[in-house]
Amino acid sequence: MSLLTIVQNACTRIGIPSPTAVVSSTDAQILQLLALANEEGESLATGTSAGTSYDWQALQLEASFVTTATESQGTIESIAPGFKYIIGGTIWDRTKRLPVYGSLDPQTWQNFKSWGVTSPFPKYRVRGGLLLLMPIPAAGDSYYFEYQTKNWCTSADGVTLKTGFTADDDVALLDEQIMTAGLIWRWKEAKGFEYAEDFRKYQNRVINAIARDTERPVLDMGRRTDSRTGIVIPIGSWNA
């Protein structure tokens, strides 16, 4: 569902004329709906909508880079476009099959630097927009991680990620029905109309969507699900 469709559906439900264009409109009311649609998208994407705090799987991406033999591996934005934050526990050196621990806080980082602490496991920190590694890695290792993106919509090509609607055919990565419901209560609030019931329905949609957003592991207390046998090899770098 595009920006235009979201706004048209909202207009039909709130009883105002439905536009044929949004971004290029000269109608102040339609431009207000555009601003409110972007407000709703930002609110959902940041996990602050309807009093919730949630990270949508649609906004989780994988990034990778090849290490250089320096502490700084470059800007995190160049490695992970639309970077918001790294999902904890997901960074791995796939070349050496090692987990990369972090993110280190400033105090721990400076403590390790001052004492020259070394470890068989690499550690990372994001500082000043740069991805830093400790100890300095060998050049040519392949690192992978998952991260949350701040981009919550795309252009019509479905490839170009955006932080907000800028064209009528832009498409939301998040649930369009929720965005339509959010647009409706936000418009009523902005106009000074009663919106409590619309907001309640919106909250229920968000809560239900969160519950269905990702699969949850099945917990069976009646039997053991891990029936593997054999030797357990500790985590580390194991080359054939």
Side-chain angles (χ1 to χ4, degrees), residues 45-47 53-163 171-174 213-218 225-240:
T46 55
S53 180
Y54 184 73
D55 297 323
W56 303 96
Q57 58 82 19
L59 304 185
Q60 294 174 358
L61 303 175
E62 184 181 64
S64 65
F65 64 96
V66 177
T67 57
T68 57
T70 57
E71 181 176 275
S72 173
Q73 301 302 302
T75 64
I76 190 67
E77 181 67 29
S78 66
I79 297 170
F83 175 81
K84 188 176 177 183
Y85 58 83
I86 295 172
I87 298 174
T90 65
I91 300 190
W92 278 77
D93 178 346
R94 291 192 184 177
T95 301
K96 292 186 172 66
R97 301 175 187 174
L98 288 173
V100 183
Y101 294 112
S103 172
L104 297 187
D105 59 64
Q107 293 78 16
T108 302
W109 182 269
Q110 291 301 325
N111 186 15
F112 284 1
K113 293 283 287 185
S114 296
W115 287 94
V117 174
T118 59
S119 167
F121 299 106
K123 299 173 177 61
Y124 77 92
R125 181 185 176 199
V126 178
R127 183 183 67 196
L130 300 175
L131 177 60
L132 310 179
L133 295 180
M134 176 193 299
I136 292 174
D141 283 0
S142 295
Y143 277 47
Y144 284 76
F145 63 89
E146 294 191 13
Y147 69 101
Q148 202 76 20
T149 178
K150 59 188 176 184
N151 296 317
W152 53 267
C153 64
T154 72
S155 60
D157 61 16
V159 176
T160 306
L161 296 170
K162 297 182 174 183
T163 57
V171 178
L173 293 174
L174 301 172
D213 190 46
T214 58
E215 293 184 13
R216 301 297 192 271
V218 177
T225 58
D226 185 358
S227 59
R228 294 174 297 174
T229 60
I231 299 173
V232 177
I233 306 299
I235 197 168
S237 176
W238 303 95
N239 296 318

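A quick note: this is a predicted structure, and the numbers were derived from the prediction, not measured.
Between Val126 and Ile86, some side-chain heavy-atom pair lies under the 4.5 Å cut-off. Two residues are said to be in side-chain contact when any heavy atoms from C-beta on lie closer than 4.5 Å; Pro122 and Leu133 fail this criterion. Contact of the Phe65 side chain with the Gln73 side chain is registered, since non-hydrogen atoms from C-beta on lie closer than 4.5 Å. Counting heavy atoms from C-beta outward, Leu174 and Trp56 have side chains that approach closer than 4.5 Å. In this structure, Thr154 and Lys162 have side chains that are not in contact, with every pair of non-hydrogen atoms separated by 4.5 Å or more. Looking at Leu59 and Asn151, their side chains never come closer than 4.5 Å, going by heavy atoms from C-beta outward. Put simply, the side chain of Leu161 reaches to within 4.5 Å of the side chain of Leu61, judged on heavy atoms.
Of all heavy-atom pairs between Tyr147 and Ala63, the closest is CE2-CB, 3.7 Å. In terms of heavy atoms, Pro120 sits closest to Leu98 at O-CD1, 3.6 Å. The minimum heavy-atom distance between Cys153 and Ala172, with the atom names listed, is CB-CA, 4.0 Å. Ile91 approaches Phe145 most closely through the heavy-atom pair CG1-CB, 3.3 Å.
A distance of 8.5 Å separates OH of Tyr144 from OG1 of Thr95, quoted to the nearest 0.5 Å. Rounding to the nearest 0.5 Å places CZ of Arg125 at 12.0 Å from OG of Ser72. The structure places OG1 of Thr149 at 8.5 Å from CG of Leu173, a figure rounded to the nearest 0.5 Å.
Side-chain contact check for Tyr54 and Asp213: at least one donor-acceptor pair (N or O, by modelled atom type) lies under 3.5 Å. Between the side chains of Thr70 and Thr68, a donor-acceptor pair is found at a separation under 3.5 Å.
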Side-chain atoms of residues 78-85: list all donor-acceptor pairs with protein atoms under 3.5 Å, sequence neighbours left out, distances to 0.1 Å.
residue	atom	partner	partner atom	Å
Ser78	OG	Thr75	O	2.7
Ser78	OG	Thr75	OG1	2.9
Lys84	NZ	Ala45	O	3.2
Tyr85	OH	Asp55	OD1	2.7
Tyr85	OH	Asp55	OD2	2.4

Donor-acceptor list for residues 134-143 side chains, cut-off 3.5 Å, not counting sequence neighbours:
residue	atom	partner	partner atom	Å
Asp141	OD1	Lys96	NZ	3.4
Asp141	OD2	Lys96	NZ	2.6

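With sequence neighbours excluded, the residues forming a side chain to side chain contact (heavy atoms under 4.5 Å, CB included) with Leu104 are Thr108, Trp109, Phe112, Lys123, listed by chain and number.
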Stepwise salt bridge (charged side-chain N to carboxylate O under 4.0 Å, His left out) test for Lys113 and Glu71 = CA-CA 11 Å; Lys113 293 283 287 185; Glu71 181 176 275; 2.5 Å; yes
Would you please test Leu132 and Tyr124 for side-chain contact (heavy atoms from CB on, under 4.5 Å) and show each step?
-> CA-CA 5 Å; Leu132 310 179; Tyr124 77 92; over 6 Å; no
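Side-chain atoms of Asn111 do not come within 3.5 Å of backbone N or O of Ser114 as any donor-acceptor pair.
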